Amino acid sequence: MHETDVCILGAGPAGATAALHLATKGIPSLLIDKAVFPRDKVCGDALSGKVVNELRRISPELPALLGAQQEALPSWGIHFISPGGQKLSVPFKYDYRPEQDVPAGYISKRVDFDNFLIEQVRQRPEVELWEGVALHKYERTAQGGFVLSDKQGQPLVQARLLLVANGAQSGFTRHVAGLEQEPEHYCAGLRAYYRGVAGMDADNFIELHFFRDFLPGYLWVFPLPGGQANVGVGMLSSEVSRKKINLKKEMLQMLATHPDLKQRFANAELIDSIRGYGLPLGSRKRVISGDSYMLLGDAGALIDPFTGEGISNAMISGRWAAAQAAQCLEQQDFSAAFMRGYDKAVYNRLWKELRLSRQMQKLLKYPWLFNQLASKASKNQALAETISCMFNDIDMRQRLRQPSFYMRLLFN
Ligand SMILES: Cc1cc2nc3c(=O)[nH]c(=O)nc-3n(C[C@H](O)[C@H](O)[C@H](O)COP(=O)(O)OP(=O)(O)OC[C@H]3O[C@@H](n4cnc5c(N)ncnc54)[C@H](O)[C@@H]3O)c2cc1C
């Protein structure tokens, strides 16, 4: 059996980021994934500006390295299509200049982006990477820490500290940390890859469509390198059950019948099977650590409830988990009480945004307000600029919580 101080379970963005930050601190870790990289992950594949920032924090040259990859397409903004059919176009940066500016975001298939991170991991001698190893049993040892075993019950690893980053279906999260899936705070999502979708934006704006009959769900169309597109839908699991919705059927029907989309998809070809996966939302605070463990990324339910963005939050949690692990090793304190420093750091950074996004998610109950916002912003440059700034400035975004913002919107 392999013995280690720090074991990281799952080598997606959360686990890989934690391993890289630990390596920078000179702390060895064992990083284990059941898959062999490059591996696919069901996702919208959109990498926000927060992801670029987290890459920079790992190493200053990483954003440029990502930008130089053919597999990463720079994106300059978002088109929101309101339930009334108005298009609200919001650049990530007002007055952007694609030839000169550093892109605020990218779209890159996860098979490529996650492998990009793993390539960084492979260059670090401090990280031992095990691929193709699935762990299923977690037993506490008398001395503290865990023994991890495979499906057959064969013990493989003994670790003093466990960083749990094995995604939305983490057995550890459910059985050891005791966090259940909550349909009110969980989203169901589908992803399809297409080729030949017409009418994609010249500056690779991503598209979010909010159809009246599909609210509070949404459909996305994101451009990808090589003329492909990532197309998908997401909806709160509680609504999927309440309305007994078949997401795949709904998605294909919207693509085939919506007046605009049916033309754009008339000659498009589905190039992979349509696959689904869950999104554990960070719309509720949870306890994300305990004796000798921390929950990272989707295993700790940190996805933004309005945008569905989870990669950056996974990386942020990976960074803070590495910082906490360093303190635990230094102080030789792995107690639940000490570990709470991790929860505090993660929520200090993310809670303001997560809470706001929860409120914006609720606004989808009022499609007329959304229509009004889209219609006014398309005619009013100052308002369009304000909304654009909201992407980068959380204090600006707080204005969306104030009733006065909507009063001015309706009566100006
Ligand atoms: C349909 C959909 C669309 C989305 N769109 C976006 C988007 O456009 N932008 C965005 O930012 N976020 C998006 N997300 C969310 C994003 O995919 C996740 O938040 C992100 O992948 C979380 O990273 P992670 O490292 O926590 O987990 P993951 O990326 O899921 O990585 C977990 C890793 O753990 C491994 N693993 C699992 N079980 C075990 C085990 N027992 N033993 C060993 N290894 C194990 C897996 O193989 C995997 O490599 C979307 C999610 C879905 C489902």
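Quick caveat: nothing in here was measured; it's all calculated off a predicted structure. Note that these values count all heavy atoms, side chains included, but never hydrogens, waters or copies made by symmetry. Both ligands and their constituent atoms are indexed starting at 1 by order of listing.
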If only side-chain N and O atoms count, and only distance matters, is there a donor-acceptor pair under 3.5 Å linking [Y] with [X]?
X      : Y      : result
Tyr193 : Asp40  : no
Ser108 : Glu71  : no
Glu184 : Ser238 : yes
Ser82  : Gln86  : yes
Asn204 : Tyr106 : no
Tyr347 : Arg349 : no
Arg160 : Ser292 : yes

task = Applying ring-ring contact (aromatic ring centres under 6.0 Å, His included), name anything that partners Phe172, two or more places apart in sequence or on another chain.
result =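 Once residues adjacent in sequence are excluded, the partners of Phe172 under the ring-ring contact (aromatic ring centres under 6.0 Å, His included) criterion are Tyr138, Phe146, Tyr293.
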Can you report which non-hydrogen protein atom sits closest to [atom], along with the distance?
atom                    : answer
atom 2 (C) of ligand 1  : Cys43 CA, 3.8 Å
atom 36 (N) of ligand 1 : Asn166 CB, 3.7 Å
atom 27 (O) of ligand 1 : Gly167 CA, 3.7 Å
atom 31 (O) of ligand 1 : Gly12 CA, 3.6 Å
atom 53 (C) of ligand 1 : Leu279 CD1, 3.5 Å
atom 30 (O) of ligand 1 : Lys41 CE, 3.3 Å
atom 49 (O) of ligand 1 : Asp33 OD2, 2.6 Å
atom 44 (N) of ligand 1 : Lys34 N, 3.0 Å

Heteroatom distance test ([X], ligand 1): nitrogen or oxygen, under 3.5 angstrom:
X      : answer
Gly297 : no
Gly310 : yes
Leu135 : yes
Ala46  : yes
Trp220 : no
Asp298 : yes
Arg110 : yes

Give the numbers and elements of all ligand 1 atoms closer than 4.0 Å to a heavy atom of [X].
X      : answer
Gly308 : 6 (C), 12 (N), 13 (C), 14 (N), 15 (C)
Ala14  : 25 (O), 26 (O)
Ile303 : 15 (C), 19 (O)
Tyr277 : 53 (C)

Answer yes or no for [X]: is there a heavy-atom contact with ligand 1 below 4.0 Å?
X      : value
Gly278 : yes
Arg191 : no
Gly232 : no
Val133 : yes
Ala134 : yes

So, are [X] and [Y] salt-bridged, with charged N and O less than 4.0 Å apart?
X      : Y      : result
Asp213 : Lys243 : no
Glu353 : Lys50  : yes
Glu126 : Arg124 : yes
Arg284 : Glu182 : yes
Arg39  : Asp114 : yes
Lys25  : Glu330 : no
Lys109 : Asp112 : no

task = Can you figure out which of Pro13, Gly44, Gly171 has its heavy atom closest to atom 5 (N) of ligand 1?
result =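 Shortest heavy-atom distance from atom 5 (N) of ligand 1: Gly44.
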ask   = Are Trp130 and His2 close enough, and set up right, to give a ring-ring contact (aromatic ring centres under 6.0 Å, His included), and what steps lead you there?
value = CA-CA 11 Å; Trp130 290 5; His2 186 96; 5.3 Å; yes
key: Location of contacts on Val51 toward ligand 1, heavy atoms closer than 4.0 Å   =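 Near ligand 1, Val51 shows nothing, with every heavy atom at 4.0 Å or more.
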task = Of the side chain and backbone of Ala165, name the one, both, or neither that has a heavy atom under 4.0 Å from an atom of ligand 1.
result =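 It is the backbone that touches ligand 1; the side chain stays farther off.
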